[in-house]
Undergrad: 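One structure coming up, written as structure tokens, with questions to follow.
Counting convention: from 1, in listed order, for ligands and their atoms alike.
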Amino acid sequence: MVYSSQPETGLTKKVTIQTLKKLKHQREKFVTVALYDAPMAAMAERCGIEVVLVGDSLGMTVLGYDSTIPVTMEQMIYHIEAVARGNRQSLIVSDLPFMTYATPEQAMVNATRVMQAGAHMVKIEGGRWLAPTVTMLSERGIPVCAHIGLTPQSVYKFGGFRVQGRTPESAAILREDALILEGAGADIVLLEGVPAELASQITASLHIPTIGIGAGKDTDAQVLVINDILGLTERPPKFSKNFLKETGEIKGALQRYAEEVKTGVFPADEHIFT
Ligand code: KIV
């Protein structure tokens with residue numbers, strides 16, 4: 001089977017980091033989906049989804065683990081290659097899995113592997129301690145998405161999947177982390193599981209785009225996991241929405257999600273942490 005990347009109503013040219021920066025500048029929202037295989041990647045392209053994330057969430061959504069921690073480089077590469085075969089136009093972001101970027105040198109080696117597998121940007125989880133790593137990757141031509149807030153690889157340190165930045169002190173740390181990571185060369189900051197007001201302040205303080213999940217309406221983009229969009233998750237998180245229930249077919253679900261993000265309908269109040 002050939003997974004056609006011929007756009008129908010979707011993307012007509014390649015999305016780059018410049019495209020995303022321009023959209024932020026024009027105050028136009030863009031759309032991200034975490035997905036893991038060629039047919040979904042092709043569908044995302046046809047639905048005009050600007051960014052696809054090959055998330056290490058695949059450990060939970062595809063492989064059945066109860067966290068992202070067991071995910072390996074080999075598993076990531078297998079899925080990045082599949083996604084890259086199915087989609088020629090979206091910007092493909094790949095997670096680096098747990099402990100594969102504990103030092104800048106280790107990050108270089110592993111980021112090289114995912115870029116050679118077809119990713120256009122790497123995503124790494126953590127705050128200011130990652131600044132030297134971000135600079136090292138960025139100076140060598142590897143774009144970086146810095147993921148802060150509820151970083152799932154730290155689930156055991158947090159004691160569960162808990163909203164971060166709820167106290168004035170922890171909110172201040174996240175605001176500073178975002179600025180430090182931008183200064184270090186990050187191209188995107190992804191905010192997960194933080195109060196909407198904090199995400200809004202961080203988004204306004206940065207020149208680079210923010211992508212939010214469980215981070216309110218005001219981030220420059222939203223990301224959802226494909227399993228949540230399609231109602232495959234047994235206990236869906238508060239910030240997610242089953243779009244398939246409304247539309248009855250997969251393409252319609254992705255199109256509705258994209259439309260609702262772009263028009264500011266999603267996330268609604270019920271999906272937001274205050
Ligand atoms: O791994 C992933 O899919 C993610 C998103 C949920 C942001 O990190």
Undergrad: What is the closest protein heavy atom to atom 2 (C) of ligand 1, and at what distance does it sit?
TA: Ser57 OG, 3.2 Å

Undergrad: Give the atom numbers and elements of ligand 1 that come within less than 4.0 Å of a heavy atom of Gly55.
TA: 1 (O), 2 (C), 3 (O)

Undergrad: Please identify which atoms of ligand 1 are closer than 4.0 Å to at least one heavy atom of His147.
TA: 8 (O)

Undergrad: Answer yes when Arg113 and Glu74 have at least one side-chain N-carboxylate O distance shorter than 4.0 Å, and no when they do not.
TA: yes

Undergrad: Ignoring angles and geometry beyond distance, decide whether Asp95 reaches within less than 3.5 Å of ligand 1 through its nitrogen or oxygen atoms.
TA: yes

Undergrad: Mind checking whether Phe266 and His271 have parallel, tilted or perpendicular rings, split at 30° and 60°?
TA: tilted

Undergrad: Please could you name the atoms of ligand 1 that Lys123 approaches to less than 4.0 Å, counting only its heavy atoms?
TA: 4 (C), 8 (O)

Undergrad: Does Asp56 reach ligand 1 with a nitrogen or oxygen that is under 3.5 Å from one of the ligand's nitrogen or oxygen atoms?
TA: yes

Undergrad: Go through the steps to decide whether Tyr36 and Ser57 satisfy the test side chain to side chain contact (heavy atoms under 4.5 Å, CB included), and finish with yes or no.
TA: CA-CA 9 Å; Tyr36 320 100; Ser57 51; 2.7 Å; yes

Undergrad: Considering the heavy atoms of Ala34, write down every atom of ligand 1 situated less than 4.0 Å from one of them.
TA: 3 (O)

Undergrad: Indicate yes or no: does Lys262 engage Glu28 in a salt bridge with an N to O separation below 4.0 Å.
TA: no

Undergrad: Could you check whether Thr133 and Tyr101, counting side-chain N and O atoms only, form a donor-acceptor pair closer than 3.5 Å?
TA: no

Undergrad: Who gets closest to atom 7 (C) of ligand 1 by heavy atom: Asn227, Thr32, Leu58, Leu53?
TA: Leu53

Undergrad: Should Lys123 and Asp56 be marked as a salt bridge (Lys or Arg N to Asp or Glu O under 4.0 Å) after you check the CA-CA gap, both sets of side-chain angles, and the distance that decides it?
TA: CA-CA 10 Å; Lys123 176 163 84 57; Asp56 62 352; 5.2 Å; no

Undergrad: Of the options Leu53, Val83, Leu254, which is the one that meets Leu35 in a side chain to side chain contact (heavy atoms under 4.5 Å, CB included)?
TA: Val83

Undergrad: Under 3.5 Å between any N/O of Glu192 and any N/O of ligand 1: does that happen in this structure?
TA: no

